[in-house]
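Here's the structure we're looking at; comments come further down.
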Amino acid sequence: LRAGNFLNGGTPRGRADGFAMDALLQLRTVKATQAADQTLVHFITTQMEKRYPGEMAGLFADGEEAHWIRLAARRRIEDAAQECNALLGQAAHMLKTIRLVLEDDPDFEGDSSGKEVLVHFMEQLAMCIADLEGLQCQQGRVGLQYESLLVWLHIDADRKKPS
């Protein structure tokens, strides 16, 4: 906010009380005048390091906030939901196939150990399906919370970038 007010000083936009979250994406597009390879992000991080020595190193250390943000940024909510749906469909199809095999041949050709293996696998698969269904519910709740967050941050839902 301070950097934006400084850059816009002397204009009506120079006394902002806040900014839209989308503005953070623009920080990397504002180029420095003296060092062409640097952006406003470089300036802000340099100023932060001067004011709070060591804070940046702690932020970017393994297992700290930046690590988790990088991991989260690699996946889109919609992609994870599609992958979950695909896995659920495959698991349901496998479960149905096992049930059909067991129903078509109740004796399972006299091999009781093979039948036990299939029954055990079927039980494990049913638990995985329950877990995937639970994950679908959680993804639905995350989607609703994400939409609420967009409203709270005053971000236009049509222009949002899924993350």
Side-chain angles (χ1 to χ4, degrees), residues 1 3 18-31 37-46 48-49 52-163:
L1 185 61
F19 57 89
M21 295 301 286
D22 291 345
L24 294 176
L25 297 173
Q26 297 172 1
L27 291 179
R28 60 191 163 119
T29 63
V30 178
K31 300 288 184 185
D37 63 334
Q38 293 193 355
T39 67
L40 186 54
V41 172
H42 293 95
F43 175 76
I44 291 172
T45 54
T46 302
M48 184 176 168
E49 186 60 34
Y52 305 102
E55 186 83 16
M56 295 295 287
L59 182 70
F60 288 96
D62 284 341
E64 293 300 322
E65 290 180 47
H67 170 78
W68 296 109
I69 290 170
R70 274 193 301 278
L71 290 177
R74 292 181 182 168
R75 302 287 303 192
R76 291 177 16 141
I77 294 169
E78 290 83 1
D79 293 344
Q82 287 177 352
E83 188 175 338
C84 182
N85 290 339
L87 287 171
L88 185 58
Q90 292 170 0
H93 178 72
M94 289 181 355
L95 186 61
K96 182 179 177 182
T97 302
I98 293 171
R99 285 186 176 142
L100 287 173
V101 167
L102 292 173
E103 287 173 7
D104 285 350
D105 191 357
D107 296 330
F108 202 71
E109 300 176 12
D111 183 7
S112 64
S113 64
K115 182 177 181 177
E116 288 175 16
V117 168
L118 276 181
V119 168
H120 176 72
F121 184 69
M122 187 174 68
E123 291 168 353
Q124 294 294 315
L125 198 52
M127 287 190 289
C128 290
I129 289 172
D131 288 344
L132 287 168
E133 289 170 342
L135 184 57
Q136 273 186 326
C137 290
Q138 288 175 350
Q139 287 173 333
R141 286 192 296 272
V142 166
L144 291 174
Q145 289 174 343
Y146 181 67
E147 295 298 324
S148 296
L149 184 61
L150 290 176
V151 170
W152 187 78
L153 293 171
H154 302 288
I155 296 175
D156 184 2
D158 294 332
R159 295 182 347 169
K160 73 178 180 355
K161 291 185 177 184
S163 58

**Asked** Between CE of M94 and CZ of R99, what distance do you get to the nearest 0.5 Å?
**Response** 12.5 Å
**Complete:** Value for CG (L144) from CZ (R141), rounded to nearest 0.5 Å, stands at 9.5 Å
**Request:** Heavy atoms only: give me the nearest L118-I98 pair and the separation to one decimal.
**Result:** O-CG2, 3.9 Å
**Item:** Whether Q136 side chain and C84 backbone form a donor-acceptor pair below 3.5 Å
**Value:** no
**Complete:** To the nearest 0.5 Å, atom CG of L135 lies from atom CD of E83 at 9.5 Å
**Asked** Within a strict 4.5 Å, meaning less than it, do heavy atoms of the E49 and T45 side chains meet?
**Response** no
**Asked** Above 12 or not: heavy atoms from other molecules or residues under 6.0 Å from CD of E133?
**Response** yes
**Message:** Does E55, at its CD atom, have more than 12 non-hydrogen atoms belonging to other residues, nucleotides or ligands within less than 6.0 Å?
**Reply:** no
**Request:** State, yes or no, whether a side-chain contact exists between L59 and E64 at a heavy-atom distance under 4.5 Å.
**Result:** no
**Request:** Kindly indicate whether the side chain of Q90, heavy atoms from C-beta on, has any atom under 4.5 Å from the side chain of H93.
**Result:** no
**Prompt:** Does the side chain of H67 reach to within under 4.5 Å of the side chain of F60, using non-hydrogen atoms?
**Reply:** no
**Message:** What's the separation between atom CD in Q138 and atom CD in Q145, rounded to the nearest 0.5 Å?
**Reply:** 10.5 Å
**Prompt:** Less than 4.5 Å apart, any side-chain heavy atom of T46 and any of Q38?
**Reply:** no
**Asked** With side chains defined as the heavy atoms from C-beta onward, is the minimum distance between V119 and E116 less than 4.5 Å?
**Response** no
**Complete:** Between L95 and I129 the two heavy atoms that sit nearest each other are CD2-CD1, 3.6 Å
